[in-house]
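In listed order, ligands and their atoms are each counted from 1.
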Amino acid sequence: MRQDRAMIGSKMNEALNAQIGREFGASYQYYALAAWFEEQGLPGFAKFFLRQGQEENEHALKIVHYLGEVGGHVVLPAQPQPKSTYESALAAIESFLAAEQEVTRAIYELVDLATAEKDHSAFEFLQWYVSEQREEVASATGLLDRARRFGEERVVLLDSTLS
Ligand code: FEO
């Protein structure tokens, strides 16, 4: 961290580095989901998760840029290997919702930390993530609801509506 002009405390800096890891982790997981759906002959879901993976990359890089702006220091966390097989399309979509709920909890903790540290800049920056998570949890919930209504046997019909 460039101490001479840092506008961020070490605790917030570390927590944001951890969030970069979560966003890249989600990206990696969604690319793995895209690959799995491709293997299942469900190209609509594959494209959907490819796009989600790209979005998560952008979320991670947005934090990298923020740390640069406030004179912080970026340390990219190591990534575990993402899950590569699922019992069913429904189970795969459930994992998408669970991942987004987990990221949402992490974002809320970051907002709590920004408040505790009186880091108004981080607080303002994180509000974008709060609304983004609201949209993503709603999107994952909607997709899961539709998939459940179609059922595993007819999920291919839902696939054709995704691109
Ligand atoms: Fe950037 Fe969907 O978490």
Measuring centre to centre across the rings, with the benzene-like ring taken for any Trp, is Phe45 within less than 6.0 Å of Phe96? no
Protein N/O/S atoms closer than 2.8 Å to atom 1 (Fe) of ligand 1: Glu23 OE1, Glu56 OE1, His59 ND1
Between the OG1 atom in Thr161 and the CZ atom in Arg146, the distance rounded to the nearest 0.5 Å is 6.0 Å
So, applying side chain to side chain contact (heavy atoms under 4.5 Å, CB included) with Phe123, which one of Leu113, Thr115, Leu110 is it? Thr115
Glu58 side chain near Lys62 side chain, heavy-atom distance below 4.5 Å: no
Assign the ring pair Phe49 / Phe37 to parallel, tilted or perpendicular, where the plane angle (0 to 90°) is split at 30° and 60°. parallel
Over 60° means perpendicular and under 30° means parallel, so classify the ring planes of Tyr66 and Phe125, tilted if in between. parallel
